[in-house]
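To start, the structure itself, in structure tokens.
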Amino acid sequence: MRVLLRRFGVYLLTAWVAITANFFLPRLMPGNPIASLIGKLTGQVTPQEVRSIQLQFGVGLHSSIWQQYWTYWVNLFHGQLGTSITLSASVSSVLSSQIYWTLGLIGVATVLSFALGTALGAILGWTRGSRTDSLIPIATFFQATPYFFLGSVMVLVFANNLHWFPDLGAYDPNATPGWNWGFIASLFRYAQLPVISILLSSMAGWMLGMRNMMVTVIGEDFVLMAVAKGLPRRRVIWHAARNAVLPSVANFALAIGLLVSGALLVELVFNYPGVGNLLLNATLNEDYPLLQGIFLVITLTVLGANLIADVLYYWLDPRTRTPVAQ
Amino acid sequence: MSESVLRVENFSVDYGVGERAVRAVTDVTFSLGRSEVLGIAGESGSGKSTLVYGLTRLLRAPGVIRSGKAILRVGEDSARRDIDLLEASERDLRSLRWRHVSVVLQSALSALDPVRRIGKEFDEVLRYHGQGKSRAERRSRAEELVTMVGLKTDRLDRFPHELSGGQRQRVMIALALALNPDLVIMDEPTTALDVVTQREIIDELRELRERLGFAMIFITHDLSLLVELADQIMVMYAGRVVERADSADLYSIPRHPYTVGLMNSFPPLTGEIVPMTGIPGSPPSLSALPRGCAFAPRCPLASDRCLNETPPLLVEESRSLACFNSSSSVRERLVISS
């Protein structure tokens with residue numbers, strides 16, 4: 001438990017550093033981007049919005065940077081991340097409307113890819129040297145293909161030409177969004193192709209990692225002992241897989257960090273709503289408040305996911321529970 | 001000792017197949033009586049571990065059983081039956097394993113699943129072999145077993161890495177006895193332990209064997225240890241049995257030069273202090289065995305005949321021996337020659 005608390009402390013510290021960096025970065029940019037932004041926007045936005053941007057970045061204010069820093073934290077705890085310049089809405093409302101799409105599609109697909117890839121890898125590891133090994137080069141081929149290309153080809157072939165899957169977007173434009181069967185069904189239909197494309201492009205890594213780890217673990221004495229104990233084969237594989245999965249869990253935490261860049265590509269290729277698309281538009285339009293908000297959410301998500309992975313690892317591997325002496 | 005638990009005939013194991021196959025075990029024949037302890041001694045690479053892994057069909061690729069029979073006798077009286085371990089189906093093996101033949105390995109740390117509590121190991125073995133209907137019942141059996149090997153019952157709630165080496169090996173022994181097997185195979189169970197713990201465990205094993213009556217195959221390179229524990233000792237060199245005798249006989253009159261060499265390499269656990277001499281050279285590579293007796297290049301008594309001809313294992317009632325120099329007491333001649 002002490003180990004876990006210490007880890008939690010490290011995460012809190014990291015979060016503080018990230019949030020602080022998020023506050024200082026726009027203020028450290030050369031040429032005062034905020035001032036130029038306000039200058040560029042004058043006439044397009046209401047005076048209140050200009051005021052709110054100024055407040056957020058401390059432009060034209062005469063309070064000290066420490067006061068601004070304090071205000072920034074107070075606002076943060078009230079969920080106020082400022083106002084998006086291009087969307088004329090509060091950043092928090094924009095983000096909260098978009099993040100579910102990303103979590104729903106990319107998040108679910110990533111977890112699915114990990115689970116499927118690892119399970120397949122365990123089987124491949126157990127049956128190493130047999131015909132099942134031919135799956136590896138096929139999977140690696142898909143992972144090696146640039147995602148942008150792979151996704152575009154899939155859209156072209158399976159959606160545009162063969163019509164096996166619906167076209168771009170996240171749901172049927174004729175369905176009314178809400179808790180009705182038609183809408184939810186169309187959500188699933190529209191998510192199929194993006195999910196398959198993510199699986200194809202990312203499963204090989206999990207598969208290969210788990211397979212190789214399985215091959216190593218199978219050589220361990222306790223697996224031999226499991227056989228010697230007369231346990232059924234399923235049980236023996238379980239023993240090996242339970243130990244082989246540990247490095248994959250650690251890698252999964254790292255993979256969550258790459259989720260965002262992945263989201264950008266997927267949402268672009270399939271014209272799917274979400275944080276990735278939001279990030280792209282915010283960058284193109286130099287929407288700094290929105291960018292800042294997105295970065296903050298990304299940082300916290302990655303930190304949170306890492307924390308979950310850490311707790312999971314702690315639970316999976318008892319050896320990590322013993323604190324190192326001294 | 002009239003009835004044998006295990007009868008092994010002409011058992012051979014290769015590593016690899018075809019031209020480049022290496023003969024790890026050649027033509028081993030022995031039989032093991034009920035409640036008897038057979039000690040197998042030899043240096044690393046002498047084939048002693050390969051022999052028992054082969055017999056229990058736990059051999060890993062590229063190990064291949066080339067020939068032989070290994071008849072295990074299970075059950076009592078009318079329900080008694082003989083099973084050839086080498087012919088048994090995967091399913092038969094599964095129900096045979098642990099219930100009739102269990103194994104203890106050298107490193108208990110790697111033999112225990114690192115991510116599971118000790119109690120789980122016991123629970124699993126009992127559950128999969130249909131013993132103990134409820135979890136509580138299996139737990140009380142596990143407590144009984146660890147108490148038997150001198151551990152506190154709270155060890156069951158620990159993970160393997162939280163126990164000492166001696167405790168772990170005791171856990172392994174308790175686990176091996178969980179189903180009251182007919183035969184327990186111990187592959188260097190005390191090699192990784194310090195001398196004091198080794199002593200304790202050997203004493204415990206002897207006591208447990210007397211109480212529970214299981215037969216045991218005990219592998220080690222420490223001959224003096226075997227003399228105390230085993231009824232019979234088999235000495236292996238380069239995959240062959242070079243000498244086999246009752247342990248007291250073998251100890252007092254070793255007849256193979258290799259046995260003498262092994263004996264001089266280890267201080268006896270009890271008795272007076274004698275200078276250690278050891279055996280010059282190292283064991284031959286199994287892929288390039290010399291033409292004659294495999295031990296001849298290291299043997300102080302080797303003659304021309306030894307270098308050209310493989311001595312056959314002459315089997316007698318009290319002793320088997322594979323050496324041309326068996327006519328006189330080898331030990332005396334070795335002392336004179338050195």
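Naming convention: chains lettered A, B, ... in sequence-line order (proteins, then strands); numbering from 1 in each chain. Heavy-atom basis, side chains included; hydrogens, waters and symmetry copies ignored.
Comparing B:Ser102, B:Pro114, B:Ser107 by how many heavy-atom pairs each has under 4.5 Å with chain A, the most go to B:Pro114. For the set A:Leu224, A:Leu246, A:Asp317, the entry with the most heavy-atom pairs within less than 4.5 Å of chain B is A:Leu224. Looking only at heavy-atom pairs under 4.5 Å with chain A, the residue among B:Leu105, B:Val125, B:Leu175 that has the most is B:Leu105. Chain A forms the most heavy-atom pairs under 4.5 Å with one residue out of B:Leu58, B:Leu179, B:Asp113, and that residue is B:Asp113. Interface remark: of the candidates B:Gln106, B:Glu124, B:His129, B:Glu124 forms the most heavy-atom pairs closer than 4.5 Å to chain A.
Between A:Ala228 and B:Val103, the shortest heavy-atom distance links the atoms CB-CG2, 4.2 Å.
A:Arg235 CZ: more than 12 foreign heavy atoms inside a 6.0 Å radius. Atom CZ of B:Arg60 sits in a crowded spot, with more than 12 heavy atoms from other residues, nucleotides or ligands closer than 6.0 Å.
Looking at heavy atoms from C-beta onward, A:Asn243 lies in side-chain contact with B:Val115 at the 4.5 angstrom threshold. A 4.5 Å side-chain heavy-atom check between A:Met225 and B:Met172 finds at least one atom pair inside the cut-off.
For the atom pair A:His239 NE2 and B:Arg116 CZ, the distance stands at 4.0 Å (nearest 0.5 Å). Distance NZ/A:Lys229 to OH/B:Tyr128: 11.5 Å, rounded to 0.5 Å.
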Going through the distances and angles, do B:Arg97 and A:Leu231 end up as a side-chain contact (heavy atoms from CB on, under 4.5 Å)? CA-CA 9 Å; B:Arg97 282 173 172 156; A:Leu231 302 179; over 6 Å; no
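Contacts between B:Arg158 and chain A at a heavy-atom distance below 4.5 Å are absent for every atom of the residue. For chain A, the nearby part of B:Arg117 is the side chain; its heavy atoms alone come within less than 4.5 Å.
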